[in-house]
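Following: one structure in structure tokens, then a few remarks.
Computed from a predicted structure; not experimentally measured.
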Amino acid sequence: MQVLQMQMEVRADPAEVGRARRWARSRLAGSGIGVDEPLAETLILLISELVTNAVVHTGCPAVLRMLLPGVGGVAGAAGRAGNGTVRVEVADVSAREPRRRRADGDETGGRGLELVDGLADRWGWHREGAGKRIWCEVDRGEPYWSGVFEPQHAATNRA
């Protein structure tokens, strides 16, 4: 199975979150995942949370990457992306580890990784050079590479 990998550089500016969402929507549509599909909305929300965490909590630029299975010559008969696992990664140069919090009541922050945990089939992070890479995966039909990339800091949502 072929896998399409796309990436975008993200500046350390909260306005980049909206740009990342627009970029991801256009790339998903181009890969055969319709913007009105629940999968697309889930992926956009995950991207929004991970990019927000990178630019707001680290103050560093980041790189957003999407890996989409079943593209090119192996797409479905209607030209749509096939089954498999869609992977989203955000890498930054901050050594600060991601930290899950439980927000209380009216707090405006602290829910990002809880959302990622609830929406993704798997997520985790690993150190990379001086920084880290946080990732999440959403299965579309049968997973293609489930577990292949899971490092020591991983959570699997088997609900």
Side-chain angles (χ1 to χ4, degrees), residues 1-11 13-57 61-92 98 100-103 108-126 128 132-151 153-159:
M1 174 181 281
Q2 291 180 327
V3 176
L4 176 63
Q5 176 179 306
M6 300 168 275
Q7 71 179 37
M8 170 191 167
E9 292 185 13
V10 179
R11 294 182 305 269
D13 176 356
E16 288 288 271
V17 178
R19 187 171 77 91
R21 283 192 298 262
R22 289 186 300 277
W23 176 86
R25 269 194 190 92
S26 71
R27 297 319 181 270
L28 291 170
S31 73
I33 298 174
V35 293
D36 58 343
E37 286 186 51
L39 173 65
E41 287 305 315
T42 298
L43 290 167
I44 297 302
L45 182 53
L46 290 166
I47 287 166
S48 184
E49 290 301 326
L50 295 181
V51 171
T52 297
N53 285 351
V55 300
V56 171
H57 296 298
V63 175
L64 165 62
R65 185 179 345 179
M66 288 193 309
L67 293 93
L68 299 154
V71 297
V74 295
R80 300 182 63 75
N83 289 342
T85 300
V86 179
R87 184 177 175 96
V88 173
E89 302 175 346
V90 176
D92 62 52
R100 285 175 66 172
R101 294 182 28 210
R102 291 213 187 267
T108 59
R111 293 172 179 84
L113 290 179
E114 290 297 319
L115 281 171
V116 171
D117 186 57
L119 293 171
D121 290 302
R122 286 163 300 286
W123 72 277
W125 67 278
H126 61 271
E128 187 170 276
K132 66 186 166 302
R133 180 176 306 269
I134 187 164
W135 56 269
C136 64
E137 296 177 342
V138 177
D139 296 333
R140 183 178 196 200
E142 291 298 315
Y144 176 58
W145 56 59
S146 178
V148 171
F149 297 106
E150 289 185 32
H153 304 288
T156 300
N157 186 356
R158 305 238 189 253

Could you tell me if the side chain of [Y] sits less than 4.5 Å from the side chain of [X], heavy atoms only?
X    : Y    : result
I134 : L113 : yes
K132 : P98  : yes
T85  : R122 : yes
E89  : V63  : no

Nearest non-hydrogen partners of [X] and [Y], listed with the distance:
X   : Y   : result
L43 : V88 : CD2-CG2, 4.1 Å
G32 : E37 : O-OE2, 3.8 Å
A40 : G34 : CB-O, 3.2 Å
D92 : A54 : OD2-CB, 4.1 Å
V55 : P14 : CG2-CA, 4.1 Å

### Message
Between S48 and I44 (side chain of the first, backbone of the second, donor and acceptor by atom type, cut-off under 3.5 Å), is there such a pair?
### Response
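Not a single qualifying donor-acceptor pair exists.
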
To the nearest 0.5 angstrom, please state how far the [atom1] atom of [X] sits from the [atom2] atom of [Y].
X    : Y    : atom1 : atom2 : result
R19  : D13  : CZ    : CG    : 9.5 Å
I47  : T52  : CD1   : OG1   : 11.0 Å
W123 : W135 : CH2   : CH2   : 9.0 Å
M8   : E16  : CE    : CD    : 5.0 Å
W23  : Q7   : CH2   : CD    : 8.0 Å
R25  : L28  : CZ    : CG    : 9.0 Å

### Query
Pick from I33, L68, D121: which one makes a side-chain contact (heavy atoms from CB on, under 4.5 Å) with R140?
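Checked I33, L68, D121 against R140; only one passes side-chain contact (heavy atoms from CB on, under 4.5 Å): I33.
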
